[in-house]
Amino acid sequence: MIIKERTQVGIVGAGPAGLLLSHLLALGGVESVVIETKTRDYCEARQRAGMLESTTVELLREVGLGKRLDAEGLEHDGIYLQFDGERHHLDFRELTGGRWITIYAQTEIVKDVIKARLDAGAAPEFGVTGTEVGELDSSRPVLRYTDAAGLRHALRCDVIAGCDGFHGICRASIPEGGLRVATERCYPFGWLGILAQAPPSTDQVIYARHEDGFALHSMRTPEIGRLYLQVPADEDIARWPDDRIWRELDRRLAVPGWELRTGPVLEKGVTSMRSFVAAPMRYGRLFLAGDAAHIVPPTGAKGLNLAVADVAALATALIRLVRDGSAELADAYSDYCLQRIWRATHLACWMTAMLHVVPGQDEFESALQRAQLRNLVTSRAAATMLAENYTGYAPLGYDPDTRLSPTALWPWVA
Ligand code: RFL
Ligand code: PHB
């Protein structure tokens, strides 16, 4: 038996993009259903991003998701850049006239939005299988899935939002020729990341270039550290017992007079790195958002922030489309987002190229990397460029009251 249902927006994926989209739509009076293959516990525990732009923080506050973020998030003025055994502080707040960054784990944002959706009586449907999207060209696309109890559903929607990450099915369901650009760049290295029961040995995040590879010291709470090491792309985590990880972190992060605090490793894993942009982020009545449409290497801390920016714009566009019957912003969605995405993609690729050492790279390459880093810590103009890009771009274009302010939206869209 197939259960036939209907909603305004069918959302595939309960990562930050899909969850936040459904929350933002609800604030604008638009109903949605979120489906997710994994369990709630899995989604709430999946270790990923941690660094939020000030624009992301401001949006989360504005839409009622700022309470725990404000109580537990760690607000930082800037970052440290380390190379040649020297550590330099870049004060983003001072360089940008007040913008900052906040450490607050993606897992916590996911928990906060799931709770908000549950409180609103709109729980995501976890543990689904067999997700399919169809009739995307029509005005009533269909989202099919089998729920955790084994019942098959056919959900008729006004619009489907593909928020199912890089490996999801939505992008792949776009017929050949539907995506004009799908560019991909892979890197010969990845990040080995650990979560550790070790108080952070730094007050702000350290990005370190070392002759043996990149290292990053971040954190989650005053008791929990989050640290990363550059390793070969296909590295076997079994080759990295905990004491080897700490030794290598200690070597790559060392500066005179500084000590790395160690502790039990709670979790570890290797992530490969790639850049990818698919465009347009729409096919008929299917809209892509977040990692489903684009991936950046994590060096610029942009992935989660881009996902939030996408759904802020998408929610506004879909509220206008579904509630008010105007397609103007839905038609502008992809081009509007791609400007920000390419800016962030450039930042992420540039920081990755400057800070990672490819085995066997020549002296010329190394000298160029170090010259760029030196420029960043000696030129205010160069440091400001990094600070502006890192802390976020224009305020995120979200407005649930589109009917009240039809012309004030997205004034920067040509
Ligand atoms: P997600 O989080 O991948 O969520 C997609 C969801 O879709 C589900 N799904 C399906 N559901 C139903 N049917 C199907 N057929 C489905 N197929 C998939 C999946 O189970 C999943 O729950 O994508 P979303 O929402 O677009 O969010 C993107 C972010 O997760 C990602 O960009 C960031 O984590 C990237 N990132 C960082 N971003 C930052 O802004 N700041 C950071 O500091 C930062 N650090 C990081 C990062 C990513 C990392 N890794 C692991 C890649 C550090 C690392 C190490
Ligand atoms: C993190 O805290 O996980 C983090 C911070 C900065 C990055 C990437 C990840 O560039």
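Here, residue 1 is the first one in the sequence, and each next residue gets the next number. Atoms within a ligand are numbered from 1 in the order they appear, just like the ligands themselves.
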Given the rule in the side chain to side chain contact (heavy atoms under 4.5 Å, CB included) test, do Ser366 and Gln361 qualify, once you have shown the distances and angles that lead to the verdict?
-> CA-CA 7 Å; Ser366 298; Gln361 80 179 32; 3.0 Å; yes
Going through the checks in order, is the salt bridge (charged side-chain N to carboxylate O under 4.0 Å, His left out) test met by Glu184 and Arg274?
-> CA-CA 7 Å; Glu184 181 156 16; Arg274 57 158 65 84; 2.7 Å; yes
Show the numbers, then the answer: is there a side chain to side chain contact (heavy atoms under 4.5 Å, CB included) between Glu31 and Leu25?
-> CA-CA 7 Å; Glu31 174 198 87; Leu25 288 171; over 6 Å; no
Lys67/Glu72 under salt bridge (charged side-chain N to carboxylate O under 4.0 Å, His left out): CA gap, chis, key distance, verdict | CA-CA 9 Å; Lys67 198 160 168 237; Glu72 296 174 24; over 6 Å; no
Check the pair Leu21, Leu314 against side chain to side chain contact (heavy atoms under 4.5 Å, CB included), reporting the backbone distance first and the verdict last.
-> CA-CA 8 Å; Leu21 177 63; Leu314 185 57; 3.9 Å; yes
Audit row: Trp258, Arg87, side chain to side chain contact (heavy atoms under 4.5 Å, CB included) steps and yes/no | CA-CA 10 Å; Trp258 180 81; Arg87 188 174 297 164; 3.2 Å; yes
Test salt bridge (charged side-chain N to carboxylate O under 4.0 Å, His left out) applied to Asp310 and Arg340, step by step = CA-CA 9 Å; Asp310 285 357; Arg340 180 191 300 266; over 6 Å; no
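The number of heavy-atom neighbours closer than 6.0 Å to CZ of Arg185, taken from other residues, nucleotides and ligands shown, is 12 or below. With a 6.0 Å radius and a threshold of 12 heavy atoms from other residues, nucleotides or ligands, Glu259 has its CD atom at or below the threshold.
The closest approach between any non-hydrogen atom of Arg220 and ligand 2 is below 4.0 Å. Taking a 4.0 Å cut-off on heavy atoms, His167 fails to register as neighbouring ligand 1. Ligand 2 lies less than 4.0 angstrom from a heavy atom belonging to Leu216. At least one heavy atom of Pro16 sits closer than 4.0 Å to an atom of ligand 1.
Side-chain contact of Ser54 with Arg99: a donor-acceptor pair under 3.5 Å is absent, judged by distance alone.
For atom 10 (O) of ligand 2, the closest non-hydrogen atom on the protein side is Tyr207 OH, 2.6 Å. Summary of contacts: the protein heavy atom closest to atom 38 (N) of ligand 1 is Leu304 N, 2.9 Å. For atom 47 (C) of ligand 1, the closest non-hydrogen atom of the protein is Ala49 CA, 3.7 Å. The nearest protein atom to atom 20 (O) of ligand 1, hydrogens excluded, is given as Glu36 OE2, 2.6 Å; this is a heavy-atom distance. Nearest non-hydrogen protein atom to atom 18 (C) of ligand 1 is Asp164 O, 3.2 Å. Protein heavy atom closest to atom 4 (O) of ligand 1, with residue, atom name and distance, is Gly15 CA, 3.5 Å. With hydrogens left out, the protein atom closest to atom 2 (O) of ligand 2 is Ser218 OG, 2.6 Å, a heavy atom. Among all non-hydrogen protein atoms, the one lying nearest atom 25 (O) of ligand 1 is Ala17 N, 2.9 Å. Nearest to atom 1 (P) of ligand 1 among the protein's heavy atoms is Arg48 NH1, 3.4 Å. Taking atom 10 (C) of ligand 1 as the reference point, the nearest protein heavy-atom neighbour is Thr37 OG1, 3.7 Å. Of all protein heavy atoms, the one closest to atom 8 (C) of ligand 2 is Pro298 O, 3.4 Å.
Taking all heavy atoms of Val133, Thr131, Leu20 into account, the minimum distance to atom 15 (N) of ligand 1 is reached by Thr131. Nearest residue to atom 43 (O) of ligand 1 from Gly50, Gly130, Gly300, Ala293 is Gly50 (criterion: closest heavy atom). For atom 5 (C) of ligand 1, the nearest non-hydrogen atom from the set Gly13, Cys163, Ala292 comes from Cys163.
By the definition of a contact as any protein heavy atom under 4.0 Å away, atom 28 (C) of ligand 1 is in contact.
Those atoms of ligand 1 that come under 4.0 Å of a heavy atom in Lys38, given as number and element, are 20 (O). For ligand 2, the atoms closer than 4.0 angstrom to any heavy atom of Arg48 are 3 (O). Residue-ligand proximity, Asp291 to ligand 1, at heavy-atom distances under 4.0 Å covers atoms 23 (O), 26 (O), 28 (C), 29 (C), 31 (C), 32 (O). Contact atoms of ligand 2 toward Ala301: 6 (C), 7 (C), 10 (O) (distance under 4.0 Å to a heavy atom of the residue). In the vicinity of Thr271, heavy-atom distances shorter than 4.0 Å reach the ligand 1 atoms 50 (N), 51 (C), 52 (C), 55 (C). Annotation for ligand 1: atoms under 4.0 Å from non-hydrogen atoms of Gly168 are 17 (N). Close approach to Gly165 involves these atoms of ligand 1, each under 4.0 Å from a residue heavy atom: 3 (O), 5 (C), 23 (O). Counting the atoms of ligand 1 from 1 in the order shown, those under 4.0 Å from a heavy atom of Tyr228 are 53 (C), 55 (C). Ligand 1 places these atoms under 4.0 Å from at least one heavy atom of Gly290: 26 (O). Which parts of ligand 1 touch Gln106 is read off a 4.0 Å heavy-atom cut-off, strictly below it: atoms 2 (O), 29 (C), 30 (O), 33 (C), 34 (O).
Annotation: Asn305 places an N or O atom under 3.5 Å from an N or O atom of ligand 1; distance criterion only. Close N/O approach between Phe166 and ligand 1 is not found [any backbone or side-chain N/O within under 3.5 Å]. Among the atoms of Val128, none of the N or O lies under 3.5 angstrom from an N or O of ligand 1. Taking any N or O of Tyr228, backbone or side chain, at least one lies under 3.5 Å from an N or O belonging to ligand 2.
No side-chain heavy atom of Leu373 sits under 4.5 Å from any side-chain heavy atom of Asp84. Residues Ile103 and His76 are in side-chain contact: their nearest non-hydrogen atoms beyond the backbone lie under 4.5 Å apart. At a threshold of 4.5 Å between non-hydrogen side-chain atoms, the residues Cys186 and Met273 do not count as touching. Counting only heavy atoms from C-beta outward, the side chains of His88 and Tyr80 never approach each other to under 4.5 Å.
Between Tyr207 and Phe214, the ring-plane angle classifies as tilted under the 30° and 60° cut-offs. Note on ring orientation: taking the six-membered ring where Trp is involved, the planes of Phe92 and Tyr390 are tilted (angle from 30° to 60°).
The ring-ring contact (aromatic ring centres under 6.0 Å, His included) search around Phe276 returns Phe166, not counting sequence neighbours. In this structure Asp164 satisfies the side chain to side chain contact (heavy atoms under 4.5 Å, CB included) test together with Val12, Ile169, Cys170, Ala292, sequence neighbours excluded.
When Arg117, Arg68, His23 are each tested for a side-chain hydrogen bond (donor to acceptor under 3.5 Å, both in side chains) with Asp112, only one passes: Arg68.
Residue Trp191 touches ligand 2 through its side chain alone, judged by heavy-atom distances below 4.0 Å.
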